[in-house]
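By convention in this document, chain letters (A, B, ...) are assigned in the order of the sequence lines, proteins followed by strands, and residues within each chain are numbered from 1.
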Amino acid sequence: MSELKLFNTLKREKQVFIPIDPAHVRLYACGPTVYSYAHIGNARMAVVFDLLTRVLKTLYPKVTYVSNITDVDDKIIAAHQETGETIDIITRKYEAIYNEDMAALGAAEPDIQPRATEHIGEMIQLIGALIERGHAYEADGHVLFNVPSFENYGGLSARSRDEQVAGARVEVASYKKDPADFVLWKPSSDDEPGWESPWGRGRPGWHIECSAMAEKHLGLPFDIHGGGADLKFPHHENEIAQSCCAHGQEDLAAFAAVWVHNGFVTVEGEKMAKSAGNFLLVHDLIEKYPGPVLRLALLGAHYRQPLDWSDQVVHQAQKLYDKILRAWEELKDVDENQQKVILNDHNIMLALCDDLNVPEAFSKLNALLSSIFKKPEGLEDLRPSYKYSLIKSLELLGVEIEEVKEESNSEIAALLEERTAAKAEKNFTRADEIRDQILVLGYEIEDTSEGPIARKA
RNA sequence: GGCGCGGUGGCAGAGUGGCUAUGCAGCGGAUUGCAACUCCGUGUACACCGGUUCGACUCCGGUCCGUGCCUCCA
């Protein structure tokens, strides 16, 4: 069995992954706040953790992947005030769209997708425990986590207390005992969503939901906690503090053992921002490109590196996907069950086990594709193993085969026939005319040994 | 200002103390009526300056540049 290595942000090094319980691996990744369409950065997170889950599922008998839906948040309230739609409608709508969009990218729904609003009770309980243990206090209708009460605070993002105070750029609310203290519970006005609590009607702060949901659905400690790199501080730092303190734990790993963070997506070299007008929505992109192409593009760079989205990146992904489809066609009559063998040179699992080294995996995939196209004499009997390898590789990478779009309408079929006839008569002028005509219709001709086919350009 | 990450061939992007991925684009060739697809061939690139070493792109120190976080953020 392969050994999986992962870069653990908590230890700042690549480590061999050792499950807490090999019979059941548990991971959690911070999901989206559902107030608008998901952007390409959300998609990277979804794709990366989907990939990690696929790798884990091939290594371990049982894996539970939890990724939440944040459906209570001030941004949602703002969206409600802007559009007039009720909060419920907004959150359910964008939750559904998120799942559809991610599915188009081959990112399966998590095994459990808990909603924050359905865990208010657990959050209140957690906050109560924090107050009891002296880690949280009530002030001015709020409940705040007292950062100085947790000595190990800052261990994930490697920030000392002094640095945070020095770096504080935000105006500090007067009711805070310490500038770094953060909100666990805040009061809601009558027109804001709220729940009854021992501290009055209010709603949770941002961080507490993940602590509550991870604990409820996975138990503590669990194996892997993930999210975008920007969540390291303060979100994940605060999650750790809350969860450890609520249970009287000093060790930061008492919440989650391994922390995995994916890098950011930039667009044409710039950070995505609504103000810059370069906010790429998955919803729009899947109209323009096949989902698997977008997935391949998102996987183009190692997950911890920044990924700069550009036409080039998409073009390369498109070429790769094209080759995959062609290879698939090439092997359509081969029975992969004859020979279930994966050569080392083609074994992308080995690459993925090294901290999800997708570029290395792509390299192996390309080697496999070349082998398939080469069809060397005397090696025909390897074809079942090539096909088997291809199937396994694509499964692991989460790349789905969309059947080649051949001439589906009679118009193109007729044109192809006419072209074949023209070629037979050596009327190449006419044949080329027809090719151009078909191109205008959005198809490219490919002459194969079994006659011409038209594939979507 | 603090903390972190990175600078690899035209572009994207891995990796390694000596054998120098992979892809895209380009060029030459095969195939093709011409193309497309595919195949073959073709590029010694690792920011800069020191140091360690028989040997460094890879280790150490410094310089320059870029970038992320420190505030909501995937």
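Side-chain proximity of A/R326 to the nucleotides B/C37, B/G13, B/G33 is greatest for B/C37. Listed candidates were B/C11, B/A36, B/A25. Nearest to the side chain of A/H315 is B/A25. The side chain of A/A301 lies closest to B/G13 when the candidates are B/G13, B/C37, B/A35. Nearest nucleotide to the A/F264 side chain, out of B/U38, B/G15, B/C69: B/C69. The listed nucleotides are B/C70, B/G33, B/C39; the one nearest the side chain of A/K374 is B/C39. The A/R435 side chain lies nearest to B/C34 when the options are B/C34, B/C11, B/A36. With distances taken from any side-chain atom of A/R419 to the nucleotides B/C34, B/A25, B/A21, the minimum falls on B/C34. Listed nucleotides: B/C39, B/A25, B/C70. Nearest to the side chain of A/F233: B/C70. Side chain of A/D432, nearest nucleotide from B/A25, B/G33, B/C69: B/G33. Nearest nucleotide to the A/V313 side chain, out of B/A12, B/G33, B/C72: B/A12.
Aromatic ring centres of A/H261 and A/F7 lie farther apart than the 6.0 Å criterion allows. Aromatic ring centres of A/F255 and A/F222: separated by under 6.0 Å. Taking the ring centroids of A/H236 and A/H207, they lie at or beyond the 6.0 Å cut-off.
The residue from A/E444, A/E446, A/E402 that alone fulfils the salt bridge (charged side-chain N to carboxylate O under 4.0 Å, His left out) condition with A/R455 is A/E446. The only member of A/H217, A/E209, A/E215 that meets side-chain hydrogen bond (donor to acceptor under 3.5 Å, both in side chains) when paired with A/H119 is A/H217.
Remark: A/K323 fails to qualify as a cation-pi partner of A/W328 under the 6.0 Å distance and 45° angle criteria applied to the six-membered ring.
For A/F182 and B/U71, the CZ to C1' distance is 15 Å, given to the nearest whole Å. In this structure, A/Q316 atom CD and B/G13 atom P are separated by 9 Å, rounded to whole Å. The distance between atom NE2 of A/H236 and atom C1' of B/C69, rounded to the nearest whole Å, is 14 Å. Distance CD1 (A/I453) to C1' (B/U38): 13 Å, rounded to an integer number of Å. Counting to the nearest Å, the P atom of B/G15 and the CD atom of A/Q305 are 8 Å from each other. Between the CG atom of A/L320 and the P atom of B/A25 there is a distance of 12 Å, given to the nearest Å. One can place CG of A/D447 at 9 Å from P of B/G33, the figure rounded to the nearest angstrom. One atom, CD1 of A/I434, and another, C1' of B/A35, lie 15 Å apart when rounded to the nearest Å.
When the P atom is compared between B/G13 and B/C24, the two are found 15 Å apart, to the nearest whole Å. Using atom P as the reference point in both B/U44 and B/G9, the two lie 14 Å apart (nearest Å). B/A12 and B/G17 are spaced 25 Å apart, taking the P atom of each and rounding to whole Å. One P atom belongs to B/C49, the other to B/C40, and the distance between them is 39 Å to the nearest Å. The C1' atoms of B/C59 and B/G15 are separated by 16 Å, rounded to the nearest whole Å. One P atom belongs to B/A47, the other to B/U16, and the distance between them is 16 Å to the nearest Å. Atom name P, nucleotides B/A45 and B/C57: the rounded distance is 11 Å, in whole Å. B/C48 and B/U8 have their P atoms separated by 11 Å, with the value rounded to a whole Å.
Residue A/H39 is in base contact, counting any heavy-atom pair closer than 4.0 Å across all strands shown. Within the nucleic acid shown, A/F373 comes within 4.0 Å of sugar-phosphate atoms alone, with no base atom in reach, counting heavy atoms only. Base engagement by A/V265 is indicated by at least one non-hydrogen atom pair under 4.0 Å involving a base atom.
A donor-acceptor contact under 3.5 Å is not formed by the side chain of A/R44 with the base of B/A74. Between the side chain of A/D230 and the base of B/G68, no donor-acceptor pair of N or O atoms lies under 3.5 Å. Contact of A/R304 with B/C5 (side chain to base): no donor-acceptor pair of N or O atoms is detected under 3.5 Å. Remark: the A/H261 side chain and the B/A74 base include no donor-acceptor N/O pair separated by less than 3.5 Å. No N or O donor and acceptor, one from the side chain of A/D308 and one from the base of B/A12, sit under 3.5 Å apart.
Residue A/K423 places none of its side-chain N or O atoms closer than 4.0 Å to OP1 or OP2 of B/C34. For the pair A/K323 and B/C24, the criterion of a side-chain N or O lying under 4.0 Å from OP1 or OP2 is met.
Along RNA chain B, the nucleotide nearest to A/G41 and the one nearest to A/E446 differ in position, and the one closer to the 5' end is contacted by A/E446. Looking at which nucleotide of RNA chain B each of A/A367 and A/E360 is closest to, the 5′-most match is held by A/E360.
The pair A/D447-A/K423 meets the salt-bridge criterion, since a charged nitrogen lies less than 4.0 angstrom from a carboxylate oxygen. Salt bridge annotation for A/K319-A/D322: absent, with no cationic side-chain nitrogen under 4.0 angstrom from a carboxylate oxygen.
Using the Watson-Crick or G-U wobble rule with both distances under 3.5 Å, B/U38 pairs with B/A30. Under the Watson-Crick or G-U wobble criterion, with both distances below 3.5 Å, B/C59 is paired with B/G51. Nucleotide B/C3 is matched to B/G68 when pairs are restricted to Watson-Crick or G-U wobble geometry with both distances under 3.5 angstrom. Remark: B/A21 base-pairs with no nucleotide; criterion is Watson-Crick or G-U wobble with both hydrogen-bond distances under 3.5 Å.
Between A/F362 and B/G23, no base-stacking contact is recorded for ring centres under 5.5 Å apart and planes less than 30° from parallel.
Taking the six-membered ring for Trp and thresholds of 30 and 60 degrees, A/F233 and A/Y153 have ring planes more than 60 degrees apart, a perpendicular arrangement.
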